[in-house]
Asker: 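Sharing a structure below in C-alpha cells format, with a few things to ask.
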There are 2 protein chains.
Amino acid sequence: MRDYATLLNESGLKATFQRMQLLENIDKYGHMSVDDIYAEVVKTHPSLSLATVYKNIILMVENGVLVEVPIDGKKSKYELAKEDHIHLVCTECGDVEDKPHMQETDTLLHTLTNNEHFKLKKQQINLYGVCEKCQIEEAS
Amino acid sequence: MRDYATLLNESGLKATFQRMQLLENIDKYGHMSVDDIYAEVVKTHPSLSLATVYKNIILMVENGVLVEVPIDGKKSKYELAKEDHIHLVCTECGDVEDKPHMQETDTLLHTLTNNEHFKLKKQQINLYGVCEKCQIEEAS
DNA sequence: CTGACTGCAAACGTTTTGCACGGTA
DNA sequence: TACCGTGCAAAACGTTTGCAGTCAG
C-alpha cells in the first residue's frame, strides 16, 4: 500500500481521514465514479457526506493526484495519477482495464502534434469493446 | 453539403426539419455541445425546444449518425460519425480539431486488443493541449 | 492556535419525462 | 391516416454552495 498521507502532503493537501479513504479505495478498485467511491467509503464511515467526495475529487484532480477518465454516455471515473497508459473500457460491464502505453504510439502522437504546433499536455486513449469476461457470459 | 434526409432515413429515422438543422450545424462547426447546438439552431428557428435537441442527440447517437466526444471536466461534444480519427482538444479555447488516424497506430491497437481477447468496437484518442491560435494569444 | 476541512441542507443547473398537438411517410 | 416527433412545463437528477462545527498541521 502506498503512503497516501505523504502523497497528499506533497501535493499541498492536508491528509484527512476522508481523503485517505478515497485514495485507498480508488487505488484498490482502479477506476471509480463519484457514486462508486461514496458507496464504498460510506460502508465503513457512515457519516461521510457526498459533498465531501465531490469537493475532494475536484481538488485532487486540480492538484494532480487523481485523473479523470471520461467515458461515452456515462459518468466519468477517476484513477490515481500515473504514467500514460491505455484504457480498455467494457461497454457491457463498465469495467476499465489499464494497458501499458506503447512506445511507438507515443512517438507517433508526439510527432503528429509537433507538426501541428500543438502543445501536447495529456494523452487519453480509450478503447471501447467487450472484455473477455463479458464475451464468455454472452456465449453462455 | 451532404444529404441529411437520406442519411436519416437510411438510419431508420424520419427526416424532420429539426433533425436536419441539428445535422447541418454539427457538420458546419465540426464538434458541438448540446447547448452550442441549441443556441445556434434557435437563432433561425426560435420555437425549437431544448428537450427536442436532447431527445434527438440521444437518438442519433444510438442510431450511429452522431458520435459522442467526452471531454475532461466539460460537457460532451458531438460530431457526425465518420472514419476513425484523432481529436486535438484545446484546453484554453475548448475547440476540437480532427486529425486523420495513423495506420501504424491503428494496427498496434488492434494487435494489443486481440492479445487481450478484447472485442474492440470503437477507438477514441483525445490529445489535450494548447492549440496554435491560443499559444499565439498567450504570448502577446 | 488557525486556517482548512467536514457534514448538512438548501440551491442550482442540467437532463428527462408526460402529454397534447402537429408533421412525416 | 397512423404513428412518430415536437414543444411545453414539470419533475427528477446530479452537482455545487454556504455555513457552523471540527480537525490537521
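In the text below, chain A, chain B and the rest are named by the order of the sequence lines, each starting its count at 1. Please read all numbers here as calculations on a predicted model, not as lab measurements. Side-chain atoms are counted along with the backbone in the values below, which use heavy atoms only and exclude waters and symmetry mates.
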Asker: For A/Tyr128, does the six-membered ring have the charged nitrogen or CZ of B/Lys121 within the cation-pi criterion, i.e. under 6.0 angstrom from the centroid and within 45° of the normal?
Answerer: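 Ring-cation test returns no.
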Asker: With respect to the side chain of B/Thr52, which nucleotide from D/dG14, C/dT6, D/dT6 is positioned closest?
Answerer: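 Ranking D/dG14, C/dT6, D/dT6 by closest atom to the B/Thr52 side chain puts D/dT6 first.
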Asker: Under 4.0 Å between a side-chain N/O of A/Ser49 and OP1 or OP2 of C/dC8, yes or no?
Answerer: no
Asker: Is there a side-chain contact between A/Arg19 and A/Tyr4, using heavy atoms and a 4.5 Å cut-off?
Answerer: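 With C-beta onward as the side chain, the pair stays apart.
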Asker: Roughly, in whole Å, what's the span from NZ in A/Lys14 to C1' in C/dC1?
Answerer: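 Nearest whole value for this atom pair: 11 Å.
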Asker: A/Ala51 side chain: which of C/dT14, C/dA9, C/dT16 is closest?
Answerer: C/dA9
Asker: Classify the side chain of A/Lys55 and the base of C/dG7 as holding, or not holding, a donor-acceptor pair under 3.5 Å.
Answerer: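 It does, because a donor-acceptor pair links the side chain of A/Lys55 to the base of C/dG7 below 3.5 Å.
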Asker: Do B/Gln124 and B/Asp84 get their side chains close enough for a donor-acceptor pair, meaning under 3.5 Å?
Answerer: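 The answer is no; no qualifying pair exists.
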Asker: Regarding A/Ile57, tell me which of base, sugar-phosphate or nothing describes its non-hydrogen contacts under 4.0 Å with the strands shown.
Answerer: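 No contact.
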Asker: B/Met20 has an atom CE; how far is it from atom P of C/dT24, in whole Å?
Answerer: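 One finds 9 Å between P of C/dT24 and CE of B/Met20, rounded.
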Asker: Any idea which of D/dG14, C/dG3, C/dA25 is nearest the B/Asn9 side chain?
Answerer: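 Nearest to the side chain of B/Asn9 among the choices is C/dA25.
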Asker: What is the distance, rounded to the nearest whole Å, between atom CG of B/Leu48 and atom C1' of D/dG5?
Answerer: 12 Å
Asker: Under 4.0 angstrom, heavy atoms only, what part of the nucleic acid is B/Thr16 near: base, sugar-phosphate, or nothing?
Answerer: sugar-phosphate
Asker: Choose from D/dT16, D/dG7, C/dT6 the nucleotide whose nearest atom is closest to any side-chain atom of A/Gln18.
Answerer: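 Nearest to the side chain of A/Gln18 among the choices is C/dT6.
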Asker: What is the distance, rounded to the nearest whole Å, between atom NE2 of B/His45 and atom C1' of D/dG7?
Answerer: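 Rounded to whole Å, this separation is 10 Å.
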Asker: Roughly how many Å is it from CG in A/Leu59 to P in D/dT15, rounded to a whole number?
Answerer: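 Distance, rounded to whole Å: 17 Å.
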Asker: Mind calculating the distance between CG (A/Asn56) and P (D/dT17) to the nearest angstrom?
Answerer: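 To the nearest whole Å, that distance equals 15 Å.
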Asker: Atom CG of A/Asp35 and atom C1' of D/dC13: how far apart are they, to the nearest Å?
Answerer: 11 Å
Asker: Minimum heavy-atom separation for A/Thr113 and A/His110, please, with both atom names.
Answerer: OG1-O, 3.1 Å
Asker: Output the rounded distance in Å from CD (B/Gln21) to P (C/dG23).
Answerer: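 About 15 Å, once rounded to whole Å.
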Asker: May I ask you to verify if any side-chain N or O of A/Lys75 is less than 4.0 angstrom from the OP1 or OP2 atom of D/dT15?
Answerer: yes
Asker: Ring-plane angle category for A/His31 and A/His87, please: parallel below 30°, perpendicular beyond 60°, tilted otherwise.
Answerer: perpendicular
Asker: With nearest nucleotide decided by heavy atoms, which residue, B/Arg19 or B/Pro46, maps closer to the 5′ end of DNA chain D?
Answerer: B/Arg19
